[in-house]
Amino acid sequence: MARLGLRRFPPPMLLLLLALFLVAAAAAGKGKKRGGGGLRFRREGGTFKVLQVADMHYADGRSTACEDVLPEQVAGCSDLNTTAFLYRVIRAEDPDLVVFTGPTPTHPPPLPCSVIRLILRLTSDSLVSCIPGDNIYGADSTDAAKSMDAAIAPAIAMNLPWAAGIGNHDQEGTLSREGVMRHLVGMKNTLSRFNPEGVEIDGFGNYNLEVGGVEGTLLANKSVLNMYFLDSGDYSTVPSIPGYGWIKASQEAWFRKTSSSLQKNYTNEEPRQKEPAPALAYFHIPLPEFSSFTASNFTGVKQEGISSPSINSGFFTTMVEAGDVKAAFIGHDHLNDFCGKLTGIQLCYAGGFGYHAYGKAGWSRRARVVSVQLEKTGTGEWQGGGAARIMTEAEFRMGTASE
């Protein structure tokens, strides 16, 4: 068995049980990349740590003011506070991979936020969150490419591999959604991919990453942890369906095929393993199933409605049927940071990270850290076979406007 711990600072750690099975060996020291640009577990501690950064809403740096901070924190607060917070979290956590789940640059929406909320509430049962943008602080991103460069600069400066997906606001600036993703895949140290080659698929930024065992072991070149990234879209393009976009049938088909192939390789190719390797999924907009929880069956905070699509495209069921995804991580609703388990899958919010994004004055910006932990055998080797255990620790690092 494995456990999912939710830790905030300064409150004590809370634990949830999460059943995951993995065959793996840990990677050496600071060696974060596998041969060919992949990833691997560390030897020390048998861990692989992912820092998830959601909803940075980075714009024009020093000239972009913070939103929803305490009155005494307003003066001098800007995008640079977001940069400082990211540096601090990276130094504190030393992650093996940084995942940005969008949106990164922001741009004013074409209508005032209050009007967008009213339109969507009149045409949909979904509650909606959107960024005030120009309506409060003036111009947002004047150059989307430069905004992305600045937002991700700390990960690049600290020579960390990183991966990104896009949210529902990234394309509202000077680049299209396709342009945003093409820029991301061209940046230094990125593991982001535009889309799988030779596959007709909706959206941009649908790809998977594989995490291998320690170099020099039988599992060095075997994917012992898989990560799926999907573009959950922005807004519906179907006139009869209001509200946000959703993961499409073509994306689900790619996911099913990829998951099946990874599982077959893991259990059929030498060295053969008894259990499929577990997987994590990352995207931006919450699935309707995130509305399944009440205060009695989730851990964390829910302070706003679940802004999911107004239809259910079935991706949660697809993940359940695939059998390898053990947790899915999202952003979008900045004031939610809860985690709940449904049909064997943990559904987790990251909480809002950026100071230019909407938030709640006095409620800290935050990031989610997931650490996958392996067990050792009685001889001190990292354990293989279906009996191995992963400890997945989800933890929040808090930020204040004094960053």
Side-chain angles (χ1 to χ4, degrees), residues 27-42 48-62 64 79-106 141-167 169-171 173-197 204-212 215 227-231 282 284 331 350 353-354 356 367 369-370:
K30 305 291 184 178
K32 304 186 188 299
K33 289 192 176 183
R34 288 171 57 200
L39 302 160
R40 65 171 67 257
F41 281 83
R42 299 186 185 193
F48 183 81
K49 184 182 286 189
V50 182
L51 168 64
Q52 181 193 4
V53 176
D55 296 283
M56 294 186 78
H57 288 286
Y58 208 96
D60 285 346
R62 189 182 299 277
T64 302
D79 277 340
L80 300 187
N81 293 69
T82 301
T83 300
F85 182 31
L86 183 53
Y87 269 116
R88 183 169 74 86
V89 175
I90 290 174
R91 291 190 182 103
E93 296 298 334
D94 188 24
D96 298 289
L97 177 69
V98 183
V99 171
F100 299 93
T101 52
T104 303
T106 66
S141 172
T142 57
D143 187 320
K146 289 183 178 179
S147 294
M148 282 186 281
D149 292 343
I152 297 171
I156 295 174
M158 301 185 78
N159 200 32
L160 287 171
W162 58 274
I166 50 180
H169 290 295
D170 292 287
Q171 76 288 347
T174 58
L175 290 174
S176 64
R177 290 180 74 77
E178 178 178 352
V180 169
M181 202 64 217
R182 289 197 183 280
H183 184 82
L184 288 168
V185 301
M187 294 176 67
K188 184 179 180 182
N189 289 358
T190 186
L191 298 181
S192 310
R193 299 174 192 168
F194 184 73
N195 265 337
E197 293 184 5
F204 308 99
N206 301 288
Y207 59 99
N208 67 290
L209 297 177
E210 302 176 11
V211 185
E215 188 173 2
M227 303 176 69
Y228 302 107
F229 297 81
L230 296 103
D231 179 4
Y282 288 89
H284 182 69
F353 189 92
H356 181 53
V369 179
V370 176

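If you read the sequence from its start, that first residue is 1, and numbering goes on from there.
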Would you check if Ser147 and Asp60 make a side-chain contact, meaning some heavy-atom pair closer than 4.5 Å? yes
Test item: Val370 and Gln52 side chains (from C-beta on) under 4.5 Å apart, heavy atoms: no
Arg88 side chain to Thr83 backbone, donor-acceptor under 3.5 Å: no
Set of side chain to side chain donor-acceptor pair (under 3.5 Å) partners for Arg193, sequence neighbours left out: none
Stepwise, does the side chain to side chain contact (heavy atoms under 4.5 Å, CB included) test hold for Met227 with Phe48? CA-CA 12 Å; Met227 303 176 69; Phe48 183 81; 4.3 Å; yes
Determine whether a donor-acceptor pair (N or O, by modelled atom type, separation under 3.5 Å) exists between the side chain of Thr101 and the backbone of His284. no
Mind checking whether Val53 and Trp162 have side chains closer than 4.5 Å, heavy atoms only? no
After noting the C-alpha distance and the side-chain angles of Arg177 and Met181, does the key distance pass the side chain to side chain contact (heavy atoms under 4.5 Å, CB included) rule? CA-CA 6 Å; Arg177 290 180 74 77; Met181 202 64 217; over 6 Å; no
For Tyr87, which residues count as a ring-ring contact (aromatic ring centres under 6.0 Å, His included) partner, sequence neighbours excluded? none
Evaluate side-chain hydrogen bond (donor to acceptor under 3.5 Å, both in side chains) for Asn81 paired with His356, printing each intermediate quantity in order. CA-CA 9 Å; Asn81 293 69; His356 181 53; over 6 Å; no
Does the Thr174 side chain pair with the main chain of Asp143, one donor and one acceptor, at a distance under 3.5 Å? no
Step by step, work out the side chain to side chain contact (heavy atoms under 4.5 Å, CB included) result for Asp96 and Val211. CA-CA 10 Å; Asp96 298 289; Val211 185; over 6 Å; no
Pair Ile166, Leu184 - check side chain to side chain contact (heavy atoms under 4.5 Å, CB included), show working. CA-CA 9 Å; Ile166 50 180; Leu184 288 168; 4.0 Å; yes
Looking at Phe204, is its backbone amide N or carbonyl O close enough to the side chain of Asp231 to form a donor-acceptor pair, meaning the two atoms are under 3.5 Å apart? yes
Quick one: side chain to side chain donor-acceptor pair (under 3.5 Å) partners of Asn208, sequence neighbours excluded? none
Applying salt bridge (Lys or Arg N to Asp or Glu O under 4.0 Å) as the test, list every pair that has at least one member in residues 180-189; sequence neighbours left out. Glu178-Arg182
Can you list everything that forms a side chain to side chain donor-acceptor pair (under 3.5 Å) with Tyr282? Sequence neighbours excluded, please. none
Only counting residues at least two apart or in another chain, list the ones meeting ring-ring contact (aromatic ring centres under 6.0 Å, His included) with Tyr207. Phe229
Are the side chains of Asp149 and Tyr58 in contact, using a 4.5 Å heavy-atom criterion? no
Sequence-distant partners of Asn206, side chain to side chain donor-acceptor pair (under 3.5 Å), two or more places apart: Asn195, Gln251
By salt bridge (charged side-chain N to carboxylate O under 4.0 Å, His left out), Asp79 pairs with (sequence neighbours left out) none
